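Everything quoted here is computed from the prediction, not taken from an experiment. Note that ligands are numbered from 1 as they come in the structure, with each ligand's atoms numbered from 1 the same way.
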Amino acid sequence: MNISTVYSGVQKITFGKPESITPVSLRNIEADMANAKNLPEALDLPFDLNEIKFKTTARGCVVELPLVEGEDVHGLGLQLKSHCQTGKKKVLRVNSDPVADTGDSHAPVPFYLSTNGYGVFVDTARYTTFYCGSHQRRQDSQASFDSCQNENIGTSTEELYDSKKNTSSSMMIEIPSVQGIDLYIFAGPNMQVALQRYVMFSGGGCLPPMWGLGVLYRGYAKNNQDDSVKLAKHFREKHIPCDVFGLEPGWMDKSYSCNFAWNDTNFPDTDTFLNQMYDMGYELNLWEQLFVHPTASFYKDMQPYSGDFDVWEGLVPDLSMSEARDIYSKHQFDNFIQRGIHGVKVDECDNSDFIRFPWSFPETSEFPSGMDGEQMHSSFGRLGQEAIMQGFRKANKRTYSNCRSSHALASPYPMAVYSDLYDHDDFIRGTVNASLSGLLWTPEVRRCKSVDDLIRRIQSVVFSPMTLVNAWTIKNPPWLQFDETKNNQDILLDNATEVEAICKELFELRMSLLPYLYSAFAKYRFSGLPVFRALVVDYPEDLAVRDLDTQYMVGDSLMFAPLTAGNTQREVYFPQGKWVDFFSHQIYEGGQAYQLKADVNQLLLFVKHNTLLPFAKPVEHITKDICFDITVRVYGDTPQSCELFSDDGYSFDYENGQYDKLILNWDTINGGSSTVLSNDKSLSKYNITDWQKKY
Ligand code: GAL
């Protein structure tokens with residue numbers, strides 16, 4: 001065992017001989033040491049590093065870390081089926097349609113956080129198994145012999161299994177195929193700081209362009225350019241907020257696999273199309289895959305840098321190689337980014353296991369870099385994000401894109417993971433869990449079961465990293481008709497106008513909160529604190545939130561408790577302190593749960609006591625010279641000051657210090673005041689028009 005300190009609070013421990021291809025070896029973004037320095041000083045770990053056990057076996061290697069009574073673990077990537085991982089066995093495999101709580105995920109991440117204030121990252125691209133205190137070693141004790149003597153016969157699974165929980169005192173991690181491993185341990189003082197250290201180790205959080213935090217609408221896959229312009233115009237005519245318009249596979253000449261060329265039949269005049277969309281103030285996002293069809297202009301160039309299996313007749317590029325990334329990214333840059341397209345949806349880069357004739361490449365695949373199919377599956381999404389980012393970096397344009405797979409060290413990439421699955425509870429859990437591993441997730445809205453279902457889903461996507469309506473299977477927006485068949489027959493709802501108004505109002509709420517969210521993302525970028533996060537990150541001591549996966553923090557001052565179709569009331573738990581209903585201003589004392597009601601067009605949104613909340617007059621979309629008119633809502637007599645971040649909202653120039661901060665303060669005698677930190681007024685995007693004391 002070899003221990004070294006990476007930076008304050010981050011230790012690397014090497015056991016045996018680790019393999020050479022791992023997330024750390026594949027990364028192109030280094031740890032953000034400069035900003036990591038501003039994190040609170042590290043506290044000692046709750047265990048001695050020498051207590052970590054290691055062994056190699058014919059199966060690979062095993063490490064075992066101590067867990068103590070009362071300690072819980074969370075994380076392991078985008079786990080859609082469970083939140084608290086204590087007592088679970090999880091096999092982290094990339095998969096597009098995980099059916100149960102097995103660890104299969106679009107974005108599994110071999111990183112966990114402990115409520116005792118530390119985090120552990122296992123640097124591997126292998127399908128690793130985490131036994132999270134789930135199994136008990138042989139006891140050989142008289143006590144267990146005695147307890148068997150008095151055993152009752154159980155007649156239910158609960159009686160048989162629950163009463164005999166296999167509580168163990170270790171986290172056992174089995175990494176297949178390898179004979180050594182690097183572990184990275186992130187110190188507290190608490191779970192939140194440990195998470196921040198992991199994100200800074202990954203290179204920091206991402207800062208989306210300002211427009212990325214508006215609404216993204218993806219149109220019907222069969223739409224041609226006129227249909228797309230018509231729909232885009234419709235949103236503007238109806239004043240429905242929308243910043244980004246997404247084109248689904250129909251824009252491409254050959255899409256499964258991709259040749260990355262416009263479809264001349266559907267989009268015969270792309271210059272006109274692009275100009276029409278840009279004139280209306282839209283950003284464009286193109287659906288793509290990473291698989292390269294033989295008709296792609298760069299197919300031959302990519303051949304030497306591709307794996308030995310095809311997917312949908314297309315090459316699987318070895319994007320761990322800079323040659324492959326350069327080819328990919330040059331095409332993106334020359335053909336799309338240069339023409340003003342600022343977003344991509346990287347589809348089907350996960351894996352397919354559970355269907356007949358799985359469409360993806362097998363684990364036995366071989367790639368020119370020496371990677372095998374298992375390593376490539378774990379890394380493919382993240383490498384794709386890197387290839388995409390390369391072009392945007394070159395153009396000095398920020399993107400806010402989508403990618404259906406991700407893995408470790410992905411926090412600097414502004415790509416929200418999404419899914420074809422659709423269980424609403426699982427989607428909400430995705431928002432709660434993703435950030436525990438430095439991921440972004442969108443619980444996208446598609447066709448729905450009912451108006452109720454549609455509105456509840458829109459509520460939860462408005463309070464998520466990306467407000468995405470993925471209407472790729474329907475001609476008309478889902479608020480005009482939620483039912484797919486009727487929608488495509490243009491049979492609209494009788495109350496379409498009313499439903500549209502409710503959805504529009506929700507999108508406006510998102511736009512009103514945009515300055516608050518943008519500033520929270522700036523905090524994520526520089527300090528690694530995710531914006532949408534599980535309550536356990538902020539309140540790890542509170543046992544009531546340890547497995548709470550139905551409500552979450554939105555920035556530092558808001559807490560959202562979503563509802564799903566068919567429910568107009570639910571239990572809401574308030575952590576310590578006072579909380580205020582955003583709409584009614586009713587005050588709730590923390591440390592307890594309340595049964596609260598919310599009709600279908602109402603939300604359960606709460607503000608932390610003593611908050612200054614910037615709330616903007618909603619705009620329909622972001623423009624280069626945007627200036628928000630902001631009312632500062634004052635909750636409590638001694639609110640904490642609030643920082644509003646602004647920069648040009650589009651480029652990476654903020655990295656060279658080109659940003660501005662507006663500091664809001666309130667005191668009972670003089671009321672509100674705002675101070676601009678720099679003198680560069682051109683960057684300021686906020687005009688404080690009013691202060692409203694709420695109680
Ligand atoms: C799916 C993807 C959908 C949609 C579709 C288009 O795999 O998850 O969101 O883009 O492809 O063919």
Per-ligand residue contacts, ligand 1, heavy-atom threshold under 4.0 Å: Glu248, Pro249, Tyr256, Trp287, Lys345, Asp347, Glu348, Arg404, Tyr418, Asp420, Asn470, Trp472
Derivation of the ring pair (Phe, Tyr, Trp, His ring centres under 6.0 Å) call for Trp251 and Phe336: CA-CA 12 Å; Trp251 75 269; Phe336 309 126; 5.4 Å; yes
Distance under 6.0 Å and angle within 45° of ring axis: Arg447 vs Phe482: no
Counterpart residues, side-chain hydrogen bond (donor to acceptor under 3.5 Å, both in side chains), relative to Asn259 (two or more places apart): Asp253, Thr295
Residues in side-chain contact (heavy atoms from CB on, under 4.5 Å) contact with Asn224, at least two apart in sequence or another chain: Asp226, Asp227, Asn266
Any donor-acceptor N or O pair under 3.5 Å, side chains Glu363, Tyr127: yes
For Asp549, all residues meeting side-chain hydrogen bond (donor to acceptor under 3.5 Å, both in side chains), sequence neighbours excluded: Arg429
